[in-house]
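Worksheet: one structure, shown below.
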Amino acid sequence: SASPLMQQLIFFHDHALLILVMITVLVGYLMFMLFFNNYVNRFLLHGQLIEMIWTILPAIILLFIAFPSLRLLYLLDEINEPSVTLKSIGHQWYWSYEYSDFNNIEFDSYMIPTNELPTDGFRLLDVDNRIVLPMNSQIRILVTAADVIHSWTIPALGVKVDGTPGRLNQTNFFMNRPGLFYGQCSEICGANHSFMPIVIESVPTNYFIKWISNN
């Protein structure tokens, strides 16, 4: 993970997985013991206590999953005074970006074809124009589409926003380290939707200011 939100998503995943492991072990143990249980009670007609336990206990377990999940949903939706706003427009089969805070810097970002790829490039993931954003800053991204539904997705940042024609969706993220973060369109928007890569270059703020000045 390269952002606090993705870190929280990983924590929630581990939390839910631990609960699943506990349930699996308990149910597996009970099923295993049933093979060796020879006790028969001819006069047992009902067992209200055990029925109360196996009704209430799963409900409590579901609450242990639901509360952290709801907290995370609200955290993912929160917009905290963004420093930079980036607008992303999905086209078939490329992305357009606008930095509306800085003299309307605009560019298109196409996937680099395999025969033009540099030796250190990633096939089907590298683009000709990367998004340059400052690290340790709140970034707001506005996502829309010009033709069909696209989805702007960066797994390392825990960001997945659908771009819908005629609608503007927004979310925010915070990159806590420098580096290159790769993503792709994850909506089934057509035959070549997986060839719409996204590359974010996370840089220190002074490098970002230099980049903005040169553009």
Side-chain angles (χ1 to χ4, degrees), residues 1-82 88 90 135-145 148-177 179 181-189 193-194 198 200 202:
S1 72
S3 76
L5 287 176
M6 190 60 198
Q7 196 77 50
Q8 290 296 318
L9 283 165
I10 291 168
F11 288 154
F12 175 69
H13 169 266
D14 295 346
H15 170 75
L17 211 60
L18 188 64
I19 291 172
L20 279 174
V21 166
M22 289 163 61
I23 292 168
T24 306
V25 168
L26 178 64
V27 172
Y29 170 76
L30 291 172
M31 289 178 70
F32 179 76
M33 292 309 293
L34 277 173
F35 288 109
F36 304 101
N37 188 357
N38 297 320
Y39 296 111
V40 176
N41 190 335
R42 288 169 55 209
F43 304 104
L44 182 66
L45 300 175
H46 56 80
Q48 276 119 345
L49 181 63
I50 190 66
E51 287 190 15
M52 281 176 64
I53 290 168
W54 70 41
T55 303
I56 294 168
L57 194 63
I60 293 169
I61 291 168
L62 285 174
L63 288 177
F64 274 98
I65 297 172
F67 284 134
S69 174
L70 283 170
R71 172 182 165 272
L72 198 50
L73 275 173
Y74 280 102
L75 276 175
L76 289 166
D77 231 20
E78 192 73 33
I79 306 292
N80 300 310
E81 296 181 4
S88 174
M135 59 183 275
N136 294 328
S137 302
Q138 280 290 343
I139 312 293
R140 173 172 58 190
I141 178 153
L142 307 173
V143 183
T144 187
V148 296
I149 298 174
H150 297 282
S151 186
W152 199 87
T153 306
I154 302 279
L157 302 176
V159 177
K160 183 183 184 295
V161 193
D162 278 354
T164 310
R167 183 181 173 88
L168 205 61
N169 291 328
Q170 74 169 356
T171 190
N172 76 306
F173 56 90
F174 181 94
M175 297 177 291
N176 52 20
R177 61 184 172 87
F181 307 119
Y182 293 87
Q184 284 180 309
C185 176
S186 61
E187 191 63 67
I188 304 173
C189 58
H193 80 103
S194 57
I198 305 153
I200 290 183
S202 173

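Because the structure is a prediction, the values reported are computed rather than measured. All residue numbers in this chain count up from 1 along the given sequence.
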Could you report the tightest heavy-atom contact between A2 and N176, atom names first, then the distance?
O-OD1, 2.9 Å

If I take atom OG from residue S3 and atom CZ from residue F174, how far apart are they, to the nearest 0.5 angstrom?
9.5 Å

So S69 and F12, do their side chains get closer than 4.5 Å, heavy atoms only?
yes

CD1-CG distance between I65 and L70, expressed to the nearest 0.5 angstrom
12.0 Å

The residue among V159, N172, L9 that forms side-chain contact (heavy atoms from CB on, under 4.5 Å) with L76 is L9

Within this structure, what is the CE-CG distance for the pair M31 and L26, rounded to the nearest 0.5 Å?
12.0 Å

Working for side chain to side chain contact (heavy atoms under 4.5 Å, CB included), residues M175 and L157
CA-CA 7 Å; M175 297 177 291; L157 302 176; 3.6 Å; yes

Nearest non-hydrogen partners of G158 and M6, listed with the distance
CA-SD, 3.4 Å

Just verifying a value: how many Å separate Q184 CD and T153 OG1, rounded to the nearest 0.5 Å?
9.0 Å

Could you walk me through whether E187 and D162 pass the side chain to side chain contact (heavy atoms under 4.5 Å, CB included) test, one step at a time?
CA-CA 8 Å; E187 191 63 67; D162 278 354; 3.2 Å; yes

Got I50 and Q48 here, is their nearest side-chain heavy-atom distance under 4.5 Å?
no

With a 4.5 Å cut-off on side-chain heavy atoms, are I61 and M22 touching?
no

Are L62 and F67 close enough, and set up right, to give a side chain to side chain contact (heavy atoms under 4.5 Å, CB included), and what steps lead you there?
CA-CA 9 Å; L62 285 174; F67 284 134; over 6 Å; no

Can you tell me how far apart CZ (F64) and CD1 (I19) are? Round to the nearest 0.5 Å.
7.5 Å

If I take atom CD1 from residue I198 and atom OG from residue S88, how far apart are they, to the nearest 0.5 angstrom?
6.5 Å

Between N169 and L142, is there a side-chain heavy-atom distance shorter than 4.5 Å?
no

For F11, the ring pair (Phe, Tyr, Trp, His ring centres under 6.0 Å) test, sequence neighbours excluded, returns none

Measure the shortest side-chain to side-chain distance between H46 and E51 over non-hydrogen atoms and say whether it is less than 4.5 angstrom.
no

Are S151 and V161 side-chain neighbours, meaning at least one heavy-atom pair lies under 4.5 Å?
no

Are the side chain of T144 and the backbone of R167 linked by a donor-acceptor contact shorter than 3.5 Å?
yes

Restricting to pairs with a member in residues 14-33, which pass ring pair (Phe, Tyr, Trp, His ring centres under 6.0 Å), not counting sequence neighbours?
F32-F36

Quick one: are R177 and S202 in side-chain contact, heavy atoms under 4.5 Å?
no

With side chains defined as the heavy atoms from C-beta onward, is the minimum distance between E81 and Q138 less than 4.5 Å?
no

Which atoms form the tightest heavy-atom contact between G163 and A145, and what is the distance?
O-CB, 3.3 Å

